[in-house]
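Computed from a predicted model, the values in this text were never measured in an experiment. Just the heavy atoms: all of them, side chains too, but no hydrogens, waters or symmetry mates, feed the values below.
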Amino acid sequence: MAGAGDFGRGVLRQARSMKGLAARVAIDVNPERAAEALRLASIPDAEIMVCHLREEALQAWREGCYVAAGGFDTVQDLPFDILVESTGIPEVGARYAEAALLAGKHVGIATKETESVVGPYLTQLAYRQNRLFTPMDGDQPSLLIGLVTWARTLGFEIVAAGKSSEYDFVWDEASGSVICNGVSYPAPGLAELWELPEGRERETVRARAKALAAIPQISVPDLCEMVNVANATGLGPDRSEFHGLVLRTGEVPSLLDLQAHGGVLQGNERLEVFNCLRRPDEISFAGGVFAVVRCEDPHVWTLLRDKGHILSRSGNAAMIYLPRHLLGLEAPISLLDAVLNGLPSGGGHATTPKFDLTARTTQTIHAGQRLEMRGHHRHIEGLRPEVHPAAPLSPEAKVPFYLLPGAEVIRDIAPHQPITLADVALPDSRLYQLRQAQDRLFHGQEALSATRENADGTLG
């Protein structure tokens, strides 16, 4: 397990109570933090050994101890089956995932940032090693891929699929404010926008967005997760920046339907994120996932509506949803599937690049500025995320978002412009090298049939 944050601690804790699974290795930049993660998972301190060298790790393993290390190279010789990569750091995720696959381990990826840049490449590398590179349940991408796979297997026509944003918009009617992620925002006039008048649904939802404009209504992590789902399923965005509507749960199938049926979408099989608006006493969507499907048999769907299922006002669409994502507490199911059954989580993963997460400026970015990734949400000041069809790196091509941290801007970039390779000098990271290898593999002359190995160990 690489990354001793919330996701990794959840995996460690669940492994203690599951049959057929033992998590005995934790990795963090600071090995003492890895040891603390093991302690928080109720591992007795006497059974934990902090290891700085491969020999120490091997000795600890032979003695039946739990291993806390500061890097993958310290533990790569241990006979474990699968690495859970959950550092959240794009470059570290790329290096650890590649190293684990080359060492003959499966990889369960929770670092969505890495996957958004080189997920298809790592999937192909895993196949070459007779291993799996897979998302994991507990994160929304895996859960949504599974829901889409399930719906397609049953023959449903998928209108839209997606997730609710990480934090609900909770309306405190008494104070006239909305609380999101612990912050209170004034929401004057929201009472008049709470219900959607018949025939004015889209107009009212647009007014909600303006009334709550102080609250971010789309985030980099949301779109990062959706691009990974897009690459695994082929579903795509209705527009590059997504709609990001502020909706109550029961409104989702009405608004995330085709325009001809009263919704906002231009076509079927669209990916979307919505912001869950609710009162404090209403149940949260909990960052869960959903699929909006077409209602083809009026009698059957009227019966299901009577049983409490959520249909659109038109009766043409219905929402099927899972109101949960339990982070590392769910992930062990995916680990067992990968190792014991040879199956990727959710029944699918990104075998070819279909979409990229890219960046557009929200302000002038001056030459000489260095782009830095900040905060829990891994944002870059002055940039907003977008999703576009995948393209190989070139001077005119949009740069994948998570190749930009640490990049130097080499010419002034005006507001509202996409960032291209001609605008920046990218750091020579392993993530960048693997993206170049991915471009050679899928866009070069040898494209999909390429199997030779380059001098640096990459495919292409």
Side-chain angles (χ1 to χ4, degrees), residues 140 160 162-226 237-257 259 262-265 270-290 292 310 312-313 319 321 323-325 360 362-363 374-379 381-386 415-416:
Q140 294 101 324
K163 52 167 274 189
S164 73
S165 59
E166 203 75 15
Y167 302 103
D168 291 351
F169 290 19
V170 183
W171 185 36
D172 184 342
E173 191 171 3
S175 66
S177 62
V178 166
I179 299 171
C180 182
N181 193 21
V183 179
S184 181
Y185 300 86
L190 186 58
E192 289 74 33
L193 303 172
W194 187 254
E195 301 288 347
L196 301 184
E198 192 77 38
R200 295 178 53 207
E201 291 89 350
R202 287 176 291 202
E203 175 188 341
T204 305
V205 169
R206 285 194 294 269
R208 273 185 195 164
K210 291 180 181 178
L212 301 174
I215 311 176
Q217 293 173 23
I218 203 72
S219 71
V220 182
D222 285 339
L223 266 60
C224 182
E225 291 180 335
M226 290 299 97
D238 197 56
R239 59 186 190 187
S240 60
E241 68 276 23
F242 284 56
H243 291 279
L245 304 178
V246 179
L247 300 174
R248 298 167 66 193
T249 296
E251 299 167 350
V252 171
S254 295
L255 274 296
L256 295 184
D257 197 356
Q259 294 175 7
V264 301
L265 303 180
R270 299 301 204 249
L271 278 177
E272 194 54 67
V273 175
F274 81 96
N275 300 285
C276 179
L277 177 65
R278 64 178 177 87
R279 290 188 173 98
D281 61 346
E282 293 179 320
I283 293 175
S284 171
F285 207 88
V289 299
F290 67 89
V292 176
I310 300 175
S312 65
R313 283 186 172 178
M319 179 174 70
Y321 63 110
R324 61 160 173 81
H325 73 295
R360 187 177 296 271
T362 59
Q363 61 193 44
R374 294 191 174 96
H376 173 70
H377 286 143
R378 305 289 194 267
H379 74 282
E381 189 69 29
L383 304 185
R384 80 171 194 214
E386 294 184 347
H416 314 302

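Checking S177 against D172 by side-chain atom types alone, no donor-acceptor pair falls below 3.5 Å.
Distance alone, capped at 3.5 Å, is enough to place a donor-acceptor pair between the N275 side chain and the G244 backbone. No side-chain donor-acceptor contact under 3.5 Å links H416 to the backbone of T362. Of the possible polar contacts, none joining the E166 side chain to the G287 backbone as a donor-acceptor pair under 3.5 Å is found. A distance-only check finds a donor-acceptor pair linking the side chain of H325 to the backbone of A286 [under 3.5 Å]. Between the side chain of S164 and the backbone N or O of C276 there is no donor-acceptor pair closer than 3.5 Å.
Applying the side chain to side chain contact (heavy atoms under 4.5 Å, CB included) test between V246 and each of L277, L190, V205 identifies L277 as the sole match.
Applying the side-chain contact (heavy atoms from CB on, under 4.5 Å) test to E282 and every residue at least two apart in sequence or in another chain returns W194, R248, R278, R279. Not a single side-chain hydrogen bond (donor to acceptor under 3.5 Å, both in side chains) links T249 to another residue, sequence neighbours left out. The side-chain hydrogen bond (donor to acceptor under 3.5 Å, both in side chains) check on S284 picks up D168, with sequence neighbours excluded. Qualifying side-chain hydrogen bond (donor to acceptor under 3.5 Å, both in side chains) partners for D222, counting only residues two or more places apart in sequence or in other chains: K163, S219. Remark: T204 engages L193, L196, P197, R200 in a side-chain contact (heavy atoms from CB on, under 4.5 Å) (not counting sequence neighbours).
Between E272 and R270, no side-chain nitrogen of the basic residue sits less than 4.0 Å from a carboxylate oxygen of the acidic one, so the salt-bridge criterion is not met.
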Handout entry: Chi angles and distances behind the side-chain contact (heavy atoms from CB on, under 4.5 Å) call for V273, I218
Key = CA-CA 8 Å; V273 175; I218 203 72; 4.0 Å; yes
Handout entry: Step-by-step side-chain contact (heavy atoms from CB on, under 4.5 Å) determination, R360 to E241
Key = CA-CA 10 Å; R360 187 177 296 271; E241 68 276 23; over 6 Å; no
Problem - Residues V178, L212; criterion side-chain contact (heavy atoms from CB on, under 4.5 Å); working and verdict - result: CA-CA 8 Å; V178 166; L212 301 174; 3.8 Å; yes
Exercise for the section: For the pair R202 and V264, evaluate side-chain contact (heavy atoms from CB on, under 4.5 Å) and give the outcome as yes or no after the intermediate values. Expected result: CA-CA 7 Å; R202 287 176 291 202; V264 301; 3.9 Å; yes
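The salt bridge (Lys or Arg N to Asp or Glu O under 4.0 Å) analysis of residues 205-221, with sequence neighbours excluded, yields the pairs R208-E251.
In this structure, CG on D257 lies 13.0 Å from CE on M319, to the nearest 0.5 angstrom. The CD1 atom of I179 sits 15.0 Å away from atom OH of Y167, with the distance rounded to the nearest 0.5 Å. Atoms CD and CE, from Q140 and M226 in turn, are 7.0 Å apart once rounded to the nearest 0.5 Å. The distance from the CG atom of N181 to the OG atom of S165 is 10.0 Å, given to the nearest 0.5 Å.
For the pair L265/Q259, no side-chain contact is recorded, criterion being any heavy-atom separation below 4.5 Å from C-beta on.
Residues E201 and E198 approach most closely at OE2-CA, 3.7 Å, considering heavy atoms. The two residues P237 and F242 come nearest to each other via the heavy atoms CB-CE1, 3.4 Å. When all heavy atoms of I310 and P253 are compared, the pair lying nearest together is CG2-CG, 3.6 Å. Here the shortest heavy-atom pairing between Y185 and P216 reads OH-CD, 4.5 Å. The two residues G262 and L255 come nearest to each other via the heavy atoms O-CD1, 4.5 Å. When all heavy atoms are compared, the tightest approach of L223 to S240 is CD2-O, 4.1 Å.
Between F274 and F290, the ring-plane angle classifies as perpendicular under the 30° and 60° cut-offs.
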